[in-house]
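One structure is given here, and the rest of the page talks about it.
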Amino acid sequence: MLELVGREDPRYALSRSQFIGRPHEVLPREVARCSSAADVIAALGRAREREWPFAVRGGGHSNAGHSSTTGLLLDLTPSDEISVDGDLVTVGGGVRIGRLSEILAAQDRLVPVGSCPSVGVVGAALGGGFGSHGRLHGLTCDSLTTAEVVLASGDVVEASEDREADLFWALRGAGGGNFGVVTRATFRTVPARPRTHLRLTWDFSHAAALVGWWQRWAPDAPDAVSVELILLCPEFPDEEPVAMLVGAVPDRDAVDSMIASAPVPPASAEVVDVSAADAALLHATPHSAVARDPVSIPLVHERPGMSTAKTEFFDQPLPDDVVSALLAHFVAGREHGELREIAFTPWRGAYGRVPSDATAFAHRDQAFLVKHTVLVGPNGAARRGPEVLARLAAAWAIPHPWGTGRGYPNFPDPAQADWLTAYYGSNADRLRAVKSRYDPDDVFRFAQSIPGLESAQVRKTQ
């Protein structure tokens, strides 16, 4: 029987996110805890009977708030089964990255996923899914082999290369809430391998030179080299901003080669050799070369903090004057309790060896991704949300004229004007056709859901 949780239930707090991406938190009238396709069908029927809006949550990390609603929230967290069969692993719709990684690491295997253990595996794959193993093994969606999907009609279909092929194509990069609810998915695993994790730090006075160098080095580095450039402004204004390289390389020789080619030596270096199993579990962050975050993050504040981001892909280096303007804006007007970050993530490698129309994920031939992030603590959204969003938009706008106009789908941006093109590029028309076939009545609809071909006009962001 479908498990329902109302606002008076002590478990209701578990439906809230630790961080939200917008100034105002959206809370559901009721939460349907779904452990199977049958539960999802029942929950969709309940929303239809009551004429409530609904949303689907696997991990709850939607930057735009698409994983919550004022109506019925379909929470897939109870769908947490994992089974391994040879080089294939099948997961429920609520399985998180951390738990999957723990199970596969024991066998020295992995699925290329992101670094945040509390993110849902399926949700990450439906929007692409990148991380430190991606330049070597591809996006998470590239490892997807089959998906069980509950459609708006109540039918349950199995999508793969051989069955429901158009739906399977669309799920790999544009599947987040657009065509149905993915209740189970199977991925192909790959062998884990020993790696060397690094965290190198420079004084911020060298940031401009590092950005200039990194843009020309990182995207064309060997596939096994996945090193991000992170610019960080701590939450306390009396702490100096820093520039750092964090990531993974094959061995210490690769670290030495990288440092030798950098404009200046780092002020500090943390370099750690990790086993194959640990390489599947650990990740490099601005705080540690071998971080292991908690698999789940419980809600500990009545009001969540605010973590919001804007992204864009680039296929050419930024001019020096643009970099200077971006850095000046980054450190100006710092506020207590506000953490700022700009992450330059290398692309190409295995990402770029898949044709842009082979899956719905269109961003294959880019050089790098730039993500602007601002995080403020509890009650920060309510106090300073609009101000934070305005600053973020201004930062994003500085390099934007040199960008491709494309953004990463798993970091949806409510302020993105032409979001259909930004997220899906030349694949947008085919996606609209798939939408018309599998959800002709537009049941799975939210602010930036893909419209069908019948729509006279692409819906604007609500």
In the structure I gave you, are the side-chain heavy atoms of Pro399 and His372 within less than 4.5 Å of one another anywhere? yes
When rounded to the nearest 0.5 angstrom, what distance separates OG1 in Thr145 from CD in Glu161? 9.5 Å
Criterion side-chain contact (heavy atoms from CB on, under 4.5 Å) on Thr140 and Phe187, from CA distance to verdict: CA-CA 8 Å; Thr140 310; Phe187 297 89; 4.0 Å; yes
Flag, side chain of Arg195 to backbone of Ala279, donor-acceptor distance under 3.5 Å: no
Tell me if the CG atom of Asp203 is crowded by more than 12 foreign heavy atoms within 6.0 Å. yes
Counting distance only, does the side-chain N/O of Ser356 pair as donor-acceptor with the main-chain N or O of Ala362 below 3.5 Å? no
Listed partners of Arg383 passing side-chain hydrogen bond (donor to acceptor under 3.5 Å, both in side chains), at least two apart: none
Any side-chain heavy-atom pair from Leu420 and Pro451 closer than 4.5 angstrom? yes
When you compare the side chain of Trp214 with that of Pro346, does any pair of heavy atoms fall below 4.5 Å? yes
With a 4.5 Å limit on heavy-atom distance, are the side chains of Val246 and Thr285 in contact? no
Shortest non-hydrogen contact from Ala254 to Val249? CB-CB, 3.8 Å
All side-chain hydrogen bond (donor to acceptor under 3.5 Å, both in side chains) counterparts of Glu341, not counting sequence neighbours: none
Which heavy-atom pair separates Ala367 from Pro219 by the least distance, and what is that distance? O-CB, 3.3 Å
CG-CG distance between Leu210 and Leu229, expressed to the nearest 0.5 angstrom: 6.5 Å
Evaluation steps, side-chain contact (heavy atoms from CB on, under 4.5 Å), between Phe130 and Leu369: CA-CA 11 Å; Phe130 72 90; Leu369 177 71; 3.9 Å; yes
Can you give the donor-acceptor pairs under 3.5 Å from side chains of residues 173-182 to other protein atoms, not counting sequence neighbours?
from: Asn178; atom 1: OD1; to: Ile450; atom 2: N; distance (Å): 2.8
from: Asn178; atom 1: ND2; to: Ala174; atom 2: O; distance (Å): 2.9

Please report the interatomic distance CZ(Arg199) to CD1(Ile230), rounded to the nearest 0.5 Å. 11.0 Å
Contact summary for Thr421 and Asp418, nearest pair of heavy atoms: OG1-OD2, 3.0 Å
Please name all residues satisfying side-chain hydrogen bond (donor to acceptor under 3.5 Å, both in side chains) with Asp439, sequence neighbours left out, ordered by chain then number. Lys435
Suppose we screen for salt bridge (charged side-chain N to carboxylate O under 4.0 Å, His left out). Which residues come up paired with Arg193, at least two apart in sequence or across chains? none
Quick one, Glu228 and Thr345 - any side-chain contact, counting heavy atoms below 4.5 Å? yes
Intermediate values then yes/no, side-chain contact (heavy atoms from CB on, under 4.5 Å), His363 and Thr404: CA-CA 10 Å; His363 317 297; Thr404 63; over 6 Å; no
Got a sec, which residues hit side-chain hydrogen bond (donor to acceptor under 3.5 Å, both in side chains) with Tyr351, two or more places apart in sequence or on another chain? none
Hey, does Trp213 have a side-chain heavy atom less than 4.5 Å from the side chain of Ser261? yes
Under the criterion side-chain hydrogen bond (donor to acceptor under 3.5 Å, both in side chains), I'd like the reasoning laid out for Arg109 against Thr189: C-alpha separation, chi angles, the key distance, then a yes or no. CA-CA 6 Å; Arg109 300 192 71 85; Thr189 67; 2.7 Å; yes
For Glu148, check salt bridge (charged side-chain N to carboxylate O under 4.0 Å, His left out) against everything at least two apart and list the hits. Arg184
Pairs of donor and acceptor atoms involving the side chains of residues 231-245, under 3.5 Å and at least two apart or interchain, shall be tabulated with distances.
none

Between Tyr408 and Phe361, does a side-chain contact (heavy atoms from CB on, under 4.5 Å) hold up when you go through it step by step? CA-CA 9 Å; Tyr408 179 59; Phe361 192 91; 3.7 Å; yes
Could you list the residues that satisfy salt bridge (charged side-chain N to carboxylate O under 4.0 Å, His left out) with Arg353, not counting sequence neighbours? Asp223
Just to verify, what does Asp315 make a salt bridge (charged side-chain N to carboxylate O under 4.0 Å, His left out) with, not counting sequence neighbours? none
Write down the atom of Gln416, the atom of Gln448, and the distance for their closest heavy-atom approach. O-NE2, 4.3 Å
4.5 Å side-chain heavy-atom contact, Ser101 and Pro117: no
Please round to the nearest 0.5 Å and tell me the distance separating atom CD of Glu102 and atom CZ of Arg96. 13.5 Å
Ser62 meets the side chain to side chain contact (heavy atoms under 4.5 Å, CB included) criterion, sequence neighbours left out, with Ala64, His66, Ser67, Pro412
Verdict with supporting geometry, Asp166 and Arg430, salt bridge (charged side-chain N to carboxylate O under 4.0 Å, His left out): CA-CA 9 Å; Asp166 283 344; Arg430 183 178 174 185; 3.2 Å; yes
Between Ser132 and His197, is any pair of side-chain heavy atoms under 4.5 Å apart? no
Say you draw a straight line from CG of Asp320 to CG of Leu318; how long is it, rounded to the nearest 0.5 Å? 9.5 Å
Is there any salt bridge (charged side-chain N to carboxylate O under 4.0 Å, His left out) pair reaching into residues 355-382, and which pairs are they, with sequence neighbours excluded? Asp142-Arg364
Atom CZ of Arg188: over 12 foreign heavy atoms under 6.0 Å: no
